[in-house]
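The sequence lines fix the lettering, A, B, ..., with proteins before strands; numbering per chain opens at 1.
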Amino acid sequence: GEDVEQSLFLSVREGDSSVINCTYTDSSSTYLYWYKQEPGAGLQLLTYIFSNMDMKQDQRLTVLLNKKDKHLSLRIADTQTGDSAIYFCAGILSGNTGKLIFGQGTTLQVKP
Amino acid sequence: ETGVTQTPRHLVMGMTNKKSLKCEQHLGHNAMYWYKQSAKKPLELMFVYNFKEQTENNSVPSRFSPECPNSSHLFLHLHTLQPEDSALYLCASSQAGTHGNTIYFGEGSWLTVV
């Protein structure tokens, strides 16, 4: 089955760029997602990328997909204290079962 | 506001109690899900409903009983739970069959079993 791995913790200074990395095992994942979870809240969809794309940019967010290495990254430009949260990457297997496989989540700490 | 509403947001129950979690989606989606988020573990898919029919039960113990009366509502009935069932229970919905099948989550229900 699909495995999704993330580093557990990242600390950056306000104004710096953050890069959160994710690796996955199932090359049939058709869509890959980034979700954000703030303390005490549910998961907020940030962005997603289709497997035939290499990059997707949305304001301060840039998603890079390296299909050969099965590596996904989320870059947050000009990181703000409000970006402090847990970030989850998730893959969805081919088909439309809605079965998302999540990584463990990366806690992003932004220091003023 | 994601369009997926969960109640209650917080629930404390004893091991012999029966309670229910409720989820309602206002997005016109046809698929609904229950996920469990425990400390230090990846999110776990529990149940999937497509067009009110359960299409996946991810080996969930029978003390968790889902109910989907229509495409907009999903319940999780809880009975004789264990302390290790304490977790954040997340409901989600999607429009299965569409581009990306993007899944939207509710805020979650924090469950504490004492």
(request) Let me know if A/Q37 has heavy atoms under 4.5 Å from chain B in its side chain, its backbone, both or neither. (result) side chain
(message) Any side-chain to backbone donor/acceptor pair from B/Q25 onto B/A92? Under 3.5 Å, distance only.
(response) no
(request) Just grab all the salt bridge (Lys or Arg N to Asp or Glu O under 4.0 Å) pairs involving residues 5-14 of chain A, residues at least two apart or on different chains. (result) none
(message) Does any backbone or side-chain atom of B/Q37 lie under 4.5 Å from a heavy atom of chain A? Answer side chain, backbone, both or neither.
(response) side chain
(request) Classify the angle between the aromatic ring planes of B/H73 and B/F75 as parallel (below 30°), tilted (30 to 60°) or perpendicular (above 60°). (result) parallel
(message) Which residues in residues 102-112 of chain A have any heavy atom closer than 4.5 Å to a heavy atom of chain B?
(response) A/F102, A/G103, A/Q104
(message) Under 4.5 Å side-chain heavy-atom separation, chaining through any Ile, Leu, Val, Met, Phe, Trp or Tyr, what else clusters with B/L74? Say none if it is isolated.
(response) B/L11, B/M13, B/M15, B/L21, B/M32, B/W34, B/M46, B/F47, B/Y49, B/V60, B/F64, B/L76, B/L78, B/L81, B/Y89, B/L111, B/V113
(request) Kindly give the heavy-atom pair with the smallest separation between A/C22 and A/V4, and that separation in Å. (result) SG-CG1, 3.4 Å
(request) For B/N50 and B/E53, indicate whether the former's side chain and the latter's backbone hold a donor-acceptor pair under 3.5 Å. (result) no
In residues 50-59 of chain A, what donor-acceptor pairs under 3.5 Å come from side-chain atoms, sequence neighbours left out?
{"from": "A/S51", "atom 1": "OG", "to": "A/T30", "atom 2": "O", "distance (Å)": "3.3"}
{"from": "A/D54", "atom 1": "OD1", "to": "A/K67", "atom 2": "NZ", "distance (Å)": "3.1"}
{"from": "A/K56", "atom 1": "NZ", "to": "A/Y48", "atom 2": "O", "distance (Å)": "2.9"}

(request) Measure distances from A/L43 to the heavy atoms of chain B and classify the residue's part below 4.5 Å as side chain, backbone, both or neither. (result) both
